[in-house]
Amino acid sequence: MKGLRLYAIFYLLFLYAPIALLPVFAFNNGTVIAFPLRGFTLEWFRELMTIPALHAAVLNSLAIAVSSAVIATCLGICAARAGTRFAFPGKKGILGLIMLPLVLPEIIVAVSLLVVLLQLGLPLGSWTVVLGHVLMCTPFSIAILNSAFQSLDVSLEEAAIDLGESRWSSFRLITLPLVMPGIVSSLLIAFTISLDEFIIAFFLTGTNPTLPVYIWGQLRFPQKIPVIMALGTLLVLTSVILLTVAEYVRRRGAARTGKADAGGFL
């Protein structure tokens, strides 16, 4: 057990130490990313406010992330409900194919989508990035929403139908409010994944780059590195906040339905 504990500590240090260095150099008064530090400064954060190209990339990423999160969550609701409530031919195979992007390398998915779009003669743009992000985010949404739907008692909908409600109204009035914590968690997770995703956006973006693609482009200029460190610090903070809120909502939803908490989304 002692060896396993040491392995876990070293693994976490290896994984998170580079992220912990982001704010260290973001507040460093120097353009060279190296020790010793020169001093404390907020200059790089102030410079973020003066770059129009960065602002455009942020707005583009936000629009793509919101669109991807909403579409992926809607598809996730349909797939999770079908997977937990109904039996149909080829159910396991269909759900397995839907979840396949979880294990496929993103670069394979990105190149495949690019080839298909070019063969169809479709122009690249924000909508193609949304298409790719929906493909990647939908399995995560399904994984989260499966847990929410599985915790519900089927007899609740059946009782509502027996009392005169239609299937749609029983879903809207009974099921949807009960799975709302899972829906909120799905939206937040999908939004975070889309906002941070680089490979698919790099291959499928048009003339308006997303924020990760913009950051990659700026890495060619050494004098821009401290500004990128400042931007990375804000992105990490935003991701941590969103994931924390999503996990809180998920656990609250599990507690409301009386389900034991498994300790994670997947």
Side-chain angles (χ1 to χ4, degrees), residues 18-19 21-23 25-31 33 41-74 106-107 109-118 120-138 140-141 186-243 245-246:
I19 299 177
L21 290 176
L22 274 176
F25 291 113
F27 291 105
N28 178 40
N29 186 21
T31 57
I33 308 302
T41 183
L42 295 175
E43 175 186 354
W44 314 122
F45 290 92
R46 288 193 292 267
E47 189 171 338
L48 291 176
M49 303 295 104
T50 64
I51 307 176
L54 171 61
H55 302 163
V58 169
L59 292 177
N60 190 39
S61 284
L62 289 176
I64 291 173
V66 170
S67 302
S68 301
V70 171
I71 298 173
T73 300
C74 290
E106 284 192 29
I107 191 169
V109 177
V111 172
S112 300
L113 286 173
L114 179 62
V115 170
V116 171
L117 292 170
L118 292 180
L120 294 175
L122 299 175
L124 299 180
S126 297
W127 76 273
T128 55
V129 180
V130 170
L131 182 66
H133 284 184
V134 168
L135 184 64
M136 298 302 300
C137 293
T138 298
F140 290 94
S141 296
S186 171
L187 287 170
L188 292 174
I189 291 296
F191 178 86
T192 303
I193 293 172
S194 177
L195 189 66
D196 296 338
E197 202 282 326
F198 168 74
I199 296 177
I200 289 178
F202 177 76
F203 279 91
L204 300 183
T205 192
T207 56
N208 298 319
T210 62
L211 184 57
V213 175
Y214 171 83
I215 292 175
W216 179 85
Q218 295 301 301
L219 292 177
R220 295 173 294 175
F221 309 104
Q223 68 274 16
K224 296 291 185 180
I225 299 298
V227 179
I228 298 303
M229 291 290 184
L231 180 59
T233 300
L234 295 179
L235 287 176
V236 169
L237 180 61
T238 302
S239 297
V240 169
I241 292 174
L242 289 175
L243 291 174
V245 172

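The figures that follow rest on heavy atoms only: side chains count, while hydrogens, waters and symmetry mates do not.
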What is the distance from atom [atom1] of [X] to atom [atom2] of [Y], rounded to the nearest 0.5 Å?
X	Y	atom1	atom2	result
Thr128	Leu114	OG1	CG	9.0 Å
Ile241	Leu188	CD1	CG	11.5 Å
Phe140	Thr192	CZ	OG1	11.5 Å
Leu195	Ile64	CG	CD1	10.0 Å
Glu197	Leu211	CD	CG	12.5 Å
Phe191	Thr238	CZ	OG1	8.5 Å

Discussion item. Hydrogens and angles aside, do Ser126 and Asn60 bring a side-chain donor and acceptor to less than 3.5 Å of each other?
Written reply: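 Yes, because at least one side-chain N or O of Ser126 sits under 3.5 Å from a partner of the opposite role on Asn60.
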Worksheet item: Yes or no on side chain to side chain contact (heavy atoms under 4.5 Å, CB included) for Phe198 and Ile215, after CA distance, side-chain angles and deciding distance?
Response: CA-CA 10 Å; Phe198 168 74; Ile215 292 175; over 6 Å; no
Discussion item. Going by side chain to side chain contact (heavy atoms under 4.5 Å, CB included), Val116 matches just one of Leu118, Leu120, Leu113. Which one?
Written reply: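 With Val116 as partner, Leu118, Leu120, Leu113 yield a single side chain to side chain contact (heavy atoms under 4.5 Å, CB included), made by Leu120.
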Practice prompt. Going by the side chain to side chain contact (heavy atoms under 4.5 Å, CB included) test, name the single residue among Val111, Val213, Val129 that passes it with Phe203.
Written response: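 Among Val111, Val213, Val129, the one that satisfies the side chain to side chain contact (heavy atoms under 4.5 Å, CB included) with Phe203 is Val111.
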Discussion item. With a 6.0 Å cut-off (strictly less than), is the heavy-atom count around CD1 of Ile107, excluding the residue itself, greater than 12?
Written reply: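 No, CD1 of Ile107 has 12 or fewer neighbouring heavy atoms, counting only those of other groups under 6.0 Å.
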Fill in: Phe27 and Phe45, any side-chain heavy atoms less than 4.5 Å apart
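Result yes, sub-4.5 Å side-chain heavy-atom pair found.
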Worksheet item: With side chains defined as the heavy atoms from C-beta onward, is the minimum distance between Val236 and Leu22 less than 4.5 Å?
Response: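 SC-SC contact between Val236 and Leu22 confirmed.
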Item to complete: Would you please classify the geometry between the Trp216 ring and the Phe202 ring as parallel, tilted or perpendicular, with 30° and 60° separating the classes?
Response: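 If you compare the ring of Phe202 with that of Trp216, the planes turn out perpendicular.
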Worksheet item: After noting the C-alpha distance and the side-chain angles of Met136 and Val109, does the key distance pass the side chain to side chain contact (heavy atoms under 4.5 Å, CB included) rule?
Response: CA-CA 9 Å; Met136 298 302 300; Val109 177; 4.2 Å; yes
Worksheet entry | Test log, rule side chain to side chain contact (heavy atoms under 4.5 Å, CB included), inputs Leu54 and Tyr214 | CA-CA 7 Å; Leu54 171 61; Tyr214 171 83; 3.7 Å; yes
Item to complete: Show your reasoning for whether side chain to side chain contact (heavy atoms under 4.5 Å, CB included) applies to Thr138 and Thr73.
Response: CA-CA 7 Å; Thr138 298; Thr73 300; over 6 Å; no
Item to complete: Ignoring hydrogens and angles, tell me if any N or O in the side chain of His55 forms a donor-acceptor pair with the backbone of Leu48 under 3.5 Å.
Response: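 It does hold such a pair.
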Fill in: Polar side-chain atom of Thr50 near backbone of Glu47 as donor-acceptor pair, under 3.5 Å
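Such a contact is found between Thr50 side chain and Glu47 backbone.
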